[in-house]
Amino acid sequence: MTPGNHYENEEATNESLPPTKFMKTRQFWNRINSVSSGVTSIFSSRNRPFYRRIWFWASLGIGSSIGGTIIGLHYFIGIIDQNLPDASKLKVTSRAQTLTIKAIDGTILQQQGEATRERLRLEEIPEQLQQAFIASEDRRFENHHGIDPQGILRAALKNVRSQTVVEGGSTITQQLARILFLKQEQTIWRKLKEVRLAHKMEQELSKNQIIERYLNLVYLGSGAYGVADAAWVYFSKSVDQLTLAEVAMIAGLAPAPSLYSPVQNPTAAIQRRNIVLQRMYEDELITAAQRQASAQESLNLNNNFPKRLQVQSPYFASYVLQELPKYVSPDVLKQGGLVVETTLNPTWQQAGEAAIAKTLKNQGRWQNFTQGSLVAIDPRNGEIQAMVGGKDFDKNQFNRVTQAQRQPGSTFKGFVYAAAIASGKSPNDSYLDAPVVIDDYEPQNFGRTFRGSMTIRDALTRSTNVVAVKVLLDVGFEPIINTARNLGIQSDLQPTYSLALGSHEVNLLELTNAYGSFATQGLYIEAHGIRRILDRYGQVVWSNDFQHQRVLDPTSAGIMTWMLRHVVEAGTGSPAQLKNRPVAGKTGTSDESRDLWFIGYIPQIVTGVWLGNDNNRPTSGGSGSAAIAWREFMEKAVEGMPIEKFPERPKLQGRVGSIEAQPIKPKSIQHRSLSAATNQPSPPTANVTRSSRRTRRRSQPQVANPPARVSSPPRQRRTVQPDAALPAKTPRPSPPVSSGSSPSKPQPSWRERLRPGSTASD
């Protein structure tokens, strides 16, 4: 008997016996052994090639499935990643479709879109407020890597049990990804992108960075974005002043701000708040006593408007918004998320607003003007550091710095004399201040008085109209117009005799900017209000690169500053004097004192002030009021600023002009002599020219041999519509300038009123 047949024979001999439990067990194990032996023989058979063995095909199938799954998953993730920002852009801190305008010190002036006014650092956010959001929205925030399967399962079970959505499965990281990069559509594709973004963000950002961004960006209802806005909107508090109950209420708003709004649904808000308190208690973040006391507290709302709706320095902010399309493309503007870093100095801005308000309240009340504007520029770099476009932006958005076209009066004489000095004339050259009629145009001085022979410097100091017109004749239209344009005047200028007296309209910004070229010794740089523009990723989209241009030779600019200093020291600009500081500047008034100006500068600042009425009504004031407002502002602006001196006056001997004069040859000039006793004009000399016997016409006559078209400004003026919101700047007709006659002076005769001359100045 062989060993292999032992059980077989034994089983055969016992066939007639009834089966026992032992025998059934033996039969079961015999079958198992048979199957095992067969399988072993198949896998261990050395007679078959490896590619016919079952283990080979089984392994190959399993491996192919795993590999295919990995390849497919990798390909699918690649498709998702193509629609997501790369890793370098995951540190963004602002939403798309937003715009933030900041002052030079980082203060927010204006915001548009879904933005938070007050961005807090994590250390500025109370720890209890952070804990409330984590307990409410993502209990395992510190333990997961962007996605929390355990949290998703827990939320699903709770929602099924409650037969409603009581808890979300998205982590705080997923919510942040959705806020920053995704739309709110409810699709599987959006959810897949959200999950992928959350995973990538966890790799690029720390937990502290994630929670800080989330708490500054999450929408919490009633226009509040971020916890700082929510604390202000609901309780008129800062985050460090919130109670535990208020903290829990704000944290409870995140899942559904409209559903849990304490303003619209206070009952639901309290229920949600108490749920957050319970979770904080379960997570051992607060005690039972704290939970109980806070749950019994009333809402105690103190509603307020979101701070992002508040606009600081609105005239300047509106100006910046209008300038943006010059520097960035429409596509960039449409995409949004921009941060505009401006040049505005908040301290100077407050000083400017206070100075204009004070002047309107004091001088304006009895001098019959109701509006004023001011702009301050650093002439060394062209940065606008203060801009007051009017007294009440809420009622009238018209910016009187950039949009109001007004006659500059005698402030334009700065360009007339600059061209004269640049043509080689000396400030000591003399002219006769006496009555004169030039081609039927008769300029008049303020008060209709004349001083006889006087130097160019004295004529500028006393703002003498007759001498200014005579200098224009010697220098020519084109050199004066070109000098004004080179210095910064961009408005339309026409070759008329009244040009010398400021009959053609300009705006305050360009006039002030042009005087800044005197302060920089003849270097012009365009005035601007923006330093940099950043996109939402912190990358620079545009950066200020304005360059100086030489527009006036340094000697002529130095002489002009010396002359303009004398205007302030001994002339019409004396109200603008500053203690221990040299000041240069020029006053100006237009016909019937409709416009009152002072443009003045020190080496570090050039500031312009305008006073008047939007409807162009005459005032009873003088340019001294503008100089007073200028001084009010400058006294605050220069606090703590080092005193700088102007350069010494250049030598006058041996000067050679840098431009060529183009003298004008009128058809006729009628000179009158002065009576030494009365200082009044004598009758005109007879037989000067044939035209002297003609009746003087109402309109200004044509000038002989003009270099360009000569036009006479009509007497009608377009008035500024005070209720127009940001109207487009359009040129308007210029009336003849007179020197702003005082109400107390004698009224001119009917014949004098027919003369198109100018009777006003400073």
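The first residue of the sequence shown is numbered 1, and numbering continues consecutively from there.
Atom CG in Asn381 sits 6.5 Å away from atom CD1 in Ile525 (nearest 0.5 Å). Between the CD atom of Gln670 and the CG atom of Asp439 there is a distance of 9.5 Å, given to the nearest 0.5 Å. Note that the CZ atom of Phe369 and the CZ atom of Arg594 stand 16.0 Å from one another [nearest 0.5 Å]. Atom OG of Ser556 sits about 10.5 Å away from atom CE of Met563, to the nearest 0.5 Å. Remark: Thr464 OG1 to Phe446 CZ distance equals 12.0 Å, nearest 0.5 Å. Separation of atoms OG1 (Thr607) and CD1 (Ile377) is listed at 8.0 Å; rounding is to 0.5 Å.
Annotation: side chain of Ile104 is not in contact with side chain of Thr343 (no heavy-atom distance under 4.5 Å). In this structure the side chain of Tyr319 reaches within 4.5 angstrom of the side chain of Asn399, judged on heavy atoms. Counting heavy atoms from C-beta on, the side chains of Ser373 and Trp610 come closer than 4.5 Å. Put simply, the side chain of Trp597 reaches to within 4.5 Å of the side chain of Leu508, judged on heavy atoms. Between Glu632 and Lys358 the shortest side-chain heavy-atom distance falls below 4.5 Å. Annotation: side chain of Ser590 is not in contact with side chain of Leu596 (no heavy-atom distance under 4.5 Å). No side-chain heavy atom of Pro618 sits under 4.5 Å from any side-chain heavy atom of Ser593. Within the 4.5 Å cutoff, the side chain of Met454 has no heavy atoms near those of the Ser430 side chain.
Considering all non-hydrogen atoms of both residues, Leu109 and Leu344 come closest at CD1-CD2, 3.9 Å. What you find for Pro443 and Leu501 is that their closest heavy atoms are CB-CD1, 4.5 Å. Between Ala317 and Gln110, the shortest heavy-atom distance links the atoms CB-OE1, 3.1 Å. Nearest approach of Tyr431 to Lys470, heavy atoms of both residues: CD2-CB, 3.9 Å. Scanning all heavy atoms of the two residues, the minimum distance from Gln367 to Gly621 falls at OE1-CA, 3.4 Å. Counting all heavy atoms, side chain and backbone alike, Gln322 lies closest to Gln403 at NE2-NE2, 4.4 Å.
Tyr515 has its ring centre less than 6.0 Å from the ring centre of Phe415. Checked against the 6.0 Å centroid criterion, the rings of Phe546 and His528 qualify as a close aromatic pair.
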Self-check item: From CA spacing to verdict: side-chain contact (heavy atoms from CB on, under 4.5 Å), Ser574, Glu569
Solution: CA-CA 6 Å; Ser574 58; Glu569 292 169 358; over 6 Å; no
Exercise. For side-chain hydrogen bond (donor to acceptor under 3.5 Å, both in side chains), just list the numbers for Asn368 and Ser620, CA-CA rounded to whole Å, side-chain angles, deciding distance to a tenth of an Å, and then say yes or no.
Key: CA-CA 6 Å; Asn368 301 319; Ser620 57; 3.2 Å; yes
Exercise. Check step by step if side-chain contact (heavy atoms from CB on, under 4.5 Å) holds for Leu511 and Thr411.
Key: CA-CA 8 Å; Leu511 186 59; Thr411 57; 3.5 Å; yes
Quiz item: Checking side-chain contact (heavy atoms from CB on, under 4.5 Å) for the pair Arg406/Glu505: CA distance, chi angles, key distance, verdict?
Solution: CA-CA 5 Å; Arg406 311 289 298 210; Glu505 296 170 337; 5.7 Å; no
Quiz item: Under the side-chain contact (heavy atoms from CB on, under 4.5 Å) criterion, do Ile605 and Met634 qualify, and how do the steps go?
Solution: CA-CA 9 Å; Ile605 314 173; Met634 291 293 291; 4.0 Å; yes
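Under the side-chain contact (heavy atoms from CB on, under 4.5 Å) criterion, Leu493 pairs with Phe412, Ile481, Ala484, Arg485, Ile489, Leu499, His504, not counting sequence neighbours. Residues forming a side-chain hydrogen bond (donor to acceptor under 3.5 Å, both in side chains) with Thr561 (at least two apart in sequence, or on another chain): Tyr601.
More than 12 heavy atoms of other residues, nucleotides or ligands sit less than 6.0 Å from atom CD of Glu644.
Formation of a donor-acceptor pair under 3.5 Å by the Asn613 side chain with backbone atoms of Asn615 is not found in this model. With Gln363 contributing its side chain and Leu360 its backbone, the two residues share no donor-acceptor pair below 3.5 Å. Looking at Gln397, its side chain does come within 3.5 Å of a backbone N or O of Phe393 through a donor-acceptor pair. At distances below 3.5 Å, not a single donor-acceptor pair connects side-chain atoms of Ser463 with backbone N or O atoms of Leu460. With hydrogens and angles disregarded, no donor-acceptor distance shorter than 3.5 Å links the side chain of Lys413 to the backbone of Ala468. Checking side-chain atoms of Asp378 against main-chain N and O of Gly382 turns up no donor-acceptor pair under 3.5 Å. Under a 3.5 Å cut-off, the side chain of Trp366 and the backbone N or O of Asn362 do form a donor-acceptor pair. A side-chain donor-acceptor contact under 3.5 Å links Gln349 to the backbone of Met387. Remark: the backbone N or O of Pro346 is not paired with any side-chain donor or acceptor of Gln385 at under 3.5 angstrom. Listed for the Gln407 side chain is a donor-acceptor partner under 3.5 Å among the backbone atoms of Ser503.
Thr402 and Asn507 share no donor-acceptor pair across their side chains, judged by distance under 3.5 Å alone.
Checked against Trp630 for a side-chain contact (heavy atoms from CB on, under 4.5 Å), the options Thr587, Val583, Val568, Ile599 give a single hit: Val583.
Using a cut-off of 4.0 Å between Lys/Arg side-chain N and Asp/Glu carboxylate O, Arg451 and Asp458 are scored as not salt-bridged. Comment: Asp474 engages Lys425 in a salt bridge, judged by a side-chain N to carboxylate O separation of less than 4.0 angstrom.
Evaluation of the side-chain hydrogen bond (donor to acceptor under 3.5 Å, both in side chains) test over residues 575-585, restricted to residues two or more places apart or in two chains, returns none.
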